[in-house]
Each structure stands twice: as C-alpha cells, then as structure tokens.
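Keep in mind that the numbers below use all heavy atoms, side chains included, and drop hydrogens, waters and symmetry copies. All ligand and atom numbering here is 1-based and tracks the order in the structure.
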Amino acid sequence: MLIFNHVDFSYPNQPVFQDLNLQVEQGEFVFLIGKSGIGKSTLLKLIYMDCFPNSGYVQVGEFSSDSIKKKNIPFLRRKIGVIFQDFQLLNDRNVYDNLAFVLEVTGTPRKEIKRRIIHALSEVGLTHKQTNMPEELSGGEKQRVAIARAIINDPFLILADEPTGNLDPETADEILSILKKINSRGTSVIFATHNYELIRAYNAKILKLDNGKAVKVVLKKKEN
Ligand SMILES: Nc1ncnc2c1ncn2[C@@H]1O[C@H](COP(=O)(O)OP(=O)(O)O)[C@@H](O)[C@H]1O
Ligand SMILES: [Mg+2]
C-alpha cells in the first residue's frame, strides 16, 4: 500500500532523509515518532506528494512519486485523509459546510453530500453540531470535525500529523479511539506524534525517525 524506496530528500540547505526505506501494509496502524525537526511532517508530505524525493521513490496505492502526473495528484489526495494539530477548519463556515466544501469541489450531487456528511459526523459523534461554527466547538470537537472531513471520501489511508498536540490527555485518548475504530474497518492510519503516553496505551507498529538528519527507521513492537 505504501513504500518508501531509497528515498533521499532535502529542502534547500536542509537534508532530511538519506536512503529512507519503509513499508506500510493496507489496514496497518503506525505510530511515527522521533524528535521535533527530525522529519515527521516531511515524511507525511512525501506521502501526499506535497514534496518529492530527490532520489528514490514513494509508492502510495497505485501512484508512484516518480511517474505521477501533476493532474493526478488531486486524485491521490482524495484517497488520503489528512489531519493536523491545528485542525485547519474554515472558520467562516459551520461544521456542515466545512465538510460540504470538500465534496462540492469535486461536483458531488447534493443528496450524496448530505448522506456522506451525516455518515461522517455520526462516525465521530457530532451529528448534533452540524450548524455550529468552529469557534463554538472545543478543541476535541474541532479535531473530530477534521476527522469527519478526512474520512468523507472514504480514504484508504489517514495521515495524522500530531493530531493530539493541542489536546488534553483525555481528549487525546478519544481522538485515538476514533482513529482506531476507523482503522479497524480497514483504513490504514499513520499517526505522527511525540506523545509517548498515547503510544504506550495502544499496541501498534512504531516507526522511529532517528540519527539526526541521516534518517534510520527502526521498527519495533510494544508489549502492550
Ligand atoms: N518548507 C521547509 N523549508 C525548509 N526547511 C524545512 C521546511 N519544512 C521543514 N523544514 C526543516 O526540515 C526538517 C524536518 O522538519 P519537519 O518534517 O517539520 O520535522 P518534524 O515534523 O519531525 O518536527 C527540520 O529541520 C525543519 O526545520
Ligand atoms: Mg511536524
């Protein structure tokens, strides 16, 4: 489902990955850890093809970074749900319209939009907040809206970039449980975090970015 094959990546004057190799199978839940600045967000950007390797390639589903045409990048992104630490909701639109926006840009019929929004909001337990504005929601509720938005196109992969970074521990647990539930139905999840409490509480694969800029990936299983 996801392969990094001998990936080198640098920003101008900032090497990030050298010979990075990793593989994630469909349906896996993976924690991506490593200290701040090591390249977690960059790794996620390489997956949704906001960045491209200097050498090597990233294969995501049927798409490969070395052959994808620019016009096909939106199709890839529609199949990947992305969640950020700062939620990135449209603050001038209510919850319903934040979700509708994603579907309107692809010309989804109105009835279908409604059906998908109700389904996505019920997945995150927020059907009663459809008409609320983002500013009327708690941090945890905002992140649940962001998750609903991420799953609205039924993605095969969810990328979560420190999604609990702005949340208290109890709310962080709730967000993790929702992502676990979605994962249990077959959607792969890559969850970048430096919240070790959260990682310890959930038995999942852990990928660690290590060695400063020369990145090595260590795979290890936790006992519990
Ligand atoms: N757009 C950019 N231009 C140049 N350097 C960047 C850019 N984004 C991130 N970096 C640098 O790349 C490295 C990896 O950053 P990042 O992927 O954001 O790390 P993390 O998410 O693990 O904190 C850091 O040294 C950071 O300063
Ligand atoms: Mg980051």
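At a heavy-atom distance under 4.0 Å, no atom of L209 approaches ligand 1.
Between R78 and P74, the closest side-chain pair of non-hydrogen atoms falls below 4.5 Å. In this structure the side chain of V145 never reaches within 4.5 angstrom of the side chain of V124, judged on heavy atoms.
Taking every non-hydrogen atom of K40 and a distance limit under 4.0 Å, the qualifying atoms of ligand 1 come out as 17 (O), 19 (O), 20 (P), 21 (O), 22 (O), 23 (O). Taking every non-hydrogen atom of Q14 and a distance limit under 4.0 Å, the qualifying atoms of ligand 1 come out as 11 (C), 12 (O), 25 (O). Within ligand 1, the atoms closer than 4.0 Å to a non-hydrogen atom of T42 are 14 (C), 15 (O), 16 (P), 17 (O), numbered from 1 in the order shown.
From E104, atom CD reaches atom CD1 of I113 across 5.0 Å, with rounding to the nearest 0.5 Å. Within the model, atoms CG of L121 and OH of Y96 stand 9.5 Å from one another, a figure rounded to the nearest 0.5 Å.
Atom 18 (O) of ligand 1 has its nearest heavy-atom neighbour, among G34, P12, S41, in S41.
Residue G39 places at least one N or O, backbone or side chain, under 3.5 Å from an N or O of ligand 1. In terms of polar-atom proximity, defined here as any N/O pair under 3.5 Å, G37 does make such a contact with ligand 1.
For the pair K180 and F29, the cation-pi criterion (under 6.0 Å, within 45° of the ring axis) is not fulfilled.
Judged by the shortest distance from any of its heavy atoms, S36 lies inside the 4.0 Å radius around the atoms of ligand 1.
Metal site remark for the Mg ion (ligand 2): Q85 contributes no N, O or S atom at a distance under 2.8 Å.
Here the options are L46, V7, N5, the test is side chain to side chain contact (heavy atoms under 4.5 Å, CB included), and the partner is Y57; only N5 passes.
Between the side chain of R77 and the backbone N or O of Y48, at least one donor-acceptor pair lies under 3.5 Å.
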